[in-house]
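Throughout, residue positions are numbered sequentially from 1 according to the sequence presented. We count ligands from 1, going down the list as the structure has it; atoms in each ligand are counted the same way.
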Amino acid sequence: MANNPQRMPRRKSLLLKILIGFVLGVIFGFIVGPMVSTTPALKDYVMPFIDLVGKIFLRLLTMLIVPLVFASLVAGAASVGDVRKLGRIGVKTLALYLITTAVAIVLGLACGNLFQPGVGMNIPGDLSASAREAKPIADVLLDIFPTNPIASMTNANMLQIILFALFFGVACIMAGERGKKISDFFEDISEVMYKVVHIVMSFAPYGVFALIAVTAAKFGVAILAPFAKVIGAVYIGCIVHAVLIYSLMVMMFSRRSPLWFFKGIREAAITAFVTRSSSGSLPVTLSNVRENFGVSEGVSAFVLPLGATVNMDGTALYQGVCALFVAQAFNIPLTLDMQIGIVATATLASIGTAGVPGAGLIMLTMVLTSVGLPIEGIALVAGIDVILDAARTCLNVVGDTAVCAVVASTEGEELTK
Ligand code: ASP
């Protein structure tokens, strides 16, 4: 508490620096991009250096995920103290994740119907792509259970880590005095890990600049024109979903204004946009809801890592838009039945999408094949997928934080004003 007054201005100026880094990165990338191929100094030194800075930032964030999630989830589960309460939080979280995801796909389909992004596209003849098979449901379930928790951690298998940490945290309560010592230890580790998050985030303005500059330079403004409609449909869909659905949820259940909500998660949203990774953004997401909303460790350490793995509203919305885009580009009429099929498969596909860059594009093959659309359509979207990935990852992460705030409020937690 004592260092709060000092922390607030520091955090505010950091956020401003991150925003400046973002804007400068976009401007720099757009200006420098067209000159890169003809200027050896830019091509051989400047851009590779900027790329390296971005990659280092991404690695630093990724480095935090496993120790931070495990320690805070053990401490969080132990602090909840009651297995029934943990179960209730789990059911609520999954229900909210599923409902918001289904709404996102419907919105994606609506945007696709409204914008008609694929109508009149000239499809080149040399498209090729291969479909991804959906995993059998039994294997999906089996995959949640670790055989070796240390291996789960080295592979950063989030669902397995979550499951083991929950067992471990609950067992800490059951083990009485000795268990308390262990959960206190993990509480301390998680506090220390949050300090590491702060150290890494002080590097964020440069990391954000580098990541967005490289993307902007690579794509330039010119590539946007032929795909303006599909990009517009995904971006507008994401904004509408965030502004309508999440604002409503936060207003209804947490009794807080949308402004309060969006202000509190700005760092996480920008990090998601530039890293295009829900998992990579997790340290920032966790620290934002804890520090800006006052959500407890018990709720945030469970809801957010789970969300970064299974809750992908942005990905689902994007799959809805892209399915329509491909159907229109190939002149295949999409019946209502097919659109309902898309809602069902895109929900499952988004759950199965890993929180890493580009994963949604791979899962799109599953959605297309399931409703009989040509998977060659993937090649149409692949060229601009980075631009779509930025928006959908941002929505994925913002969706996790909205559910986190709502679950905390419905568990009786008083959120910061
Ligand atoms: N990049 C997204 C994420 O990390 C997943 C996707 O590609 O849709 O949330």
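Looking only at protein heavy atoms, the nearest one to atom 1 (N) of ligand 1 is Asp389 OD1, 2.8 Å.
Taking every heavy atom of Thr315 and a limit of under 4.0 angstrom, the matching atoms of ligand 1 come to 5 (C), 6 (C), 8 (O). Of all atoms in ligand 1, numbered sequentially from 1 with element shown, those under 4.0 Å from a heavy atom of Arg276 are 1 (N), 4 (O). Ligand 1 places these atoms under 4.0 Å from at least one heavy atom of Gly360: 6 (C), 7 (O), 8 (O). Close contacts between ligand 1 and Met312 involve ligand atoms 9 (O) [criterion: under 4.0 Å to a heavy atom].
At a heavy-atom distance under 4.0 Å, no atom of Met363 approaches ligand 1.
Side-chain N/O atoms of Lys43 and Ser37 include no donor and acceptor closer than 3.5 Å. Glu297 and Ser190 share a side-chain donor-acceptor pair at under 3.5 Å. A donor atom on one side chain and an acceptor atom on the other are found under 3.5 Å apart for Thr101 and Asn311. Of the N and O atoms on the side chains of Thr401 and Asn288, not one donor lies less than 3.5 Å from an acceptor on the other residue.
The shortest N or O to N or O distance between Leu361 and ligand 1 is not under 3.5 Å. Looking at Thr393 next to ligand 1, an N or O pair under 3.5 Å apart turns up. For ligand 1, the polar-atom distance check finds an N/O of Gly355 within less than 3.5 Å of one of the ligand's N/O atoms.
Salt bridge status for Glu414 with Arg256: present, with a side-chain N to carboxylate O gap under 4.0 Å.
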- Derivation and outcome, side-chain contact (heavy atoms from CB on, under 4.5 Å), residues Glu267 and Leu14: CA-CA 9 Å; Glu267 276 175 12; Leu14 176 67; 4.1 Å; yes

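Between Gly358, Ala354, Ala391, Ser278, it is Ala354 that holds the heavy atom closest to atom 5 (C) of ligand 1.
Under the 6.0 Å distance and 45° angle rule, Arg290 counts as a cation-pi partner of Tyr194.
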